Amino acid sequence: MDNNATTRVAPEVTEAMEPFFRELWGNPSSMHYFGGQVARHVEDARAKVAELIGADPSEIIFTSCGTESNNTAIAGAAEIYGRQARIVTSRVEHQAVLGPCRKLGQTGFDVVELGVDSAGQPDLGELRKALQHAPCFVTTMWANNETGVIFPIEEIAGIVKSAGGVLHVDAVQAAGKLPVRVDEVPVDMLSLSGHKIHAPKGIGVLYVRRGTKFRPFMLGGHQEHGRRAGTENVPYIVGLGRACEMAREHLREGPGKLAALRDRLEKGLIAACPSGVLVNGDKGRRLPNTTNMSFRYIEGEAILYHLSDLGIAASSGSACTSGSLEVSHVLRAMGVPAEFAQGSIRFSLSRYTTGEDVDYVIAMMPAIVRRLRALSPFSPPEEQQI
Ligand code: PLP
C-alpha cells in the first residue's frame, strides 16, 4: 500500500538484469567486443525508455535516480541562464525539486513558488504572471507523490511555451501510471525514476528534447554523449528498459482495474469510518493508484505504526517527510485544516495489489482509528463511536 514510495522489482526485470551480473559485465565504453556487446544492450534499453514516452533515443540520458534528474535540470538551467533568469516552481513539489530551487533562491536567484487551490491544482494565473519575466525556467510535477493529483501539464506546457519559457517536468510519479508522452506535450526536459515503475532503486532518466540548451551535472568521462559522466549502471539500465516495456503493456490495458481497487479501498474506509474522514486532492484528476485520506484528531504517524504492526505498509504525508512530525507541505499548501492534515495517510497501490490486500486494510483500519481517537483529547464522542 506504499507503492508511491517504491515498487517491487518485477520478476521479469530481475530476469533481464541477471546476465549483466554474470557473463555480460564489460564496460560499454570499451572499444573491444566484450564492451561492445554490452553497449548494444544499453542502446536497446534506451530505445525502450524512449518508446514509453514518445521520445527519440538520443534524447534519453540515464542518471542514478529521479532526484539526480531533477537536480541536473535545475542546476543546468541556473548555469545556462544565470541570475537574470526567473525560476518558477510550485509549493507542492517533491523535495528533489524544492531543495535545489530553494538553494538557488538563497544564492540570489529569483525563485517563484506557485500556490495551489484546495484540490491541489496549481494557480495558472500566477504562472502567467510569473512568466512575464524573461528568461524563465519552469520546473513542476506531472503528478503529486502525496495526493496523486495530476497537474494540467498540457495546459501548463502551452502557457510556458507561448511565453518563451523553458519547461522541466518531474514525471517520476506519473510515468507508468498515465500516458506520459513528450511527442504530445511540448516539455523541454522530463525526469523519470526506475524504482517507481518496478525497476530497481538507483536508476533514473532525464529526457532532454533535441535543441534544448543543456549543462551536465556530473563531470568526468564522455558517457551519455558527454551529458552525464560515470560508467553506466548497465544491469539497472537493462532492467529499466524491461520495466518500461512492461509499463507500456499495462498502460494499454488502461487505468480501470487499478482505479477500481483504489476506489474500493477509499469507499470501504469511508463506510467503515464514516465521520471525521476526508479525501485530500482533486478526485477527478488523480493517479489511479493513489488515495490520500485524513482522519481527524489523530496522528498519521500513529496510524502508520499500528498498520505496520499488522503488516500493512502505508505512508503519512510522504515517505520522505515521515521522519519529522511536521504537517505535509503539500496538504498545508492546499489549506487542509491542521486537525485533518496531521491525520493523513497515503495508500498507493500497484499492479501487484490484490482485492484481498484492500479488504484487509478496510477490516483493520476502524479499530485503529477508534483506539487512537479514544486517546485524543480533541476527538468528539460521536467520532469515537465508529
Ligand atoms: N519526484 C517525485 C515526484 C517523487 O515522488 C520522487 C520520489 O519519491 C522523486 C522525485 C525522487 O526520485 P528518486 O527516489 O528516484 O530519487
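Because the structure is predicted, anything quoted here is derived from the model rather than measured. Each ligand, and each atom within it, is numbered from 1 in the order the structure gives. As a basis for the values below, the full set of heavy atoms in this structure was taken, side chains included, without hydrogen atoms, waters or symmetry mates. Sequence positions, counted from 1, serve as the residue numbers for this chain.
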Nearest 0.5 Å, please: how far is CD in Q223 from OG1 in T231?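 Rounded to the nearest 0.5 Å, the OG1-CD separation comes out at 5.0 Å.
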Of all the atoms in ligand 1, which lie at a distance below 4.0 Å from a heavy atom belonging to [X]?
X: S193; answer: 13 (P), 15 (O)
X: N145; answer: 3 (C), 5 (O)
X: H195; answer: 13 (P), 14 (O), 15 (O)

For the residue pair [X] and [Y], establish whether any side-chain heavy-atom pair is separated by less than 4.5 Å.
X: R248; Y: E51; result: yes
X: F347; Y: N289; result: no
X: V180; Y: V185; result: no

I'd like to know if R46 and E224 make a salt bridge, using a cut-off of under 4.0 Å between side-chain N and carboxylate O.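 Counted as a salt bridge, because a side-chain N and a carboxylate O are separated by less than 4.0 Å.
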For the residue pair H168 and F137, does the interplanar ring angle fall in the parallel (under 30°), tilted (30 to 60°) or perpendicular (over 60°) class?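 Taking F137 first and then H168, their aromatic rings lie parallel (interplane angle under 30°).
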Nearest to atom 10 (C) of ligand 1 by heavy atom, T67, D170, N4, V205: which?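 Going through T67, D170, N4, V205 one by one, D170 has the nearest heavy atom to atom 10 (C) of ligand 1.
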Polar proximity ligand 1 side, A143 side, N/O cut 3.5 Å exclusive: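 In fact, backbone or side chain, A143 has no N or O that close.
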So which bit of K196 gets within less than 4.0 Å of ligand 1, heavy atoms only: side chain, backbone, both or neither?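 It is the side chain that touches ligand 1; the backbone stays farther off.
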Which bit of N70 is near ligand 1, meaning a heavy atom under 4.0 Å away: side chain, backbone, both or neither?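 Under 4.0 Å from ligand 1, N70 contributes side-chain atoms alone.
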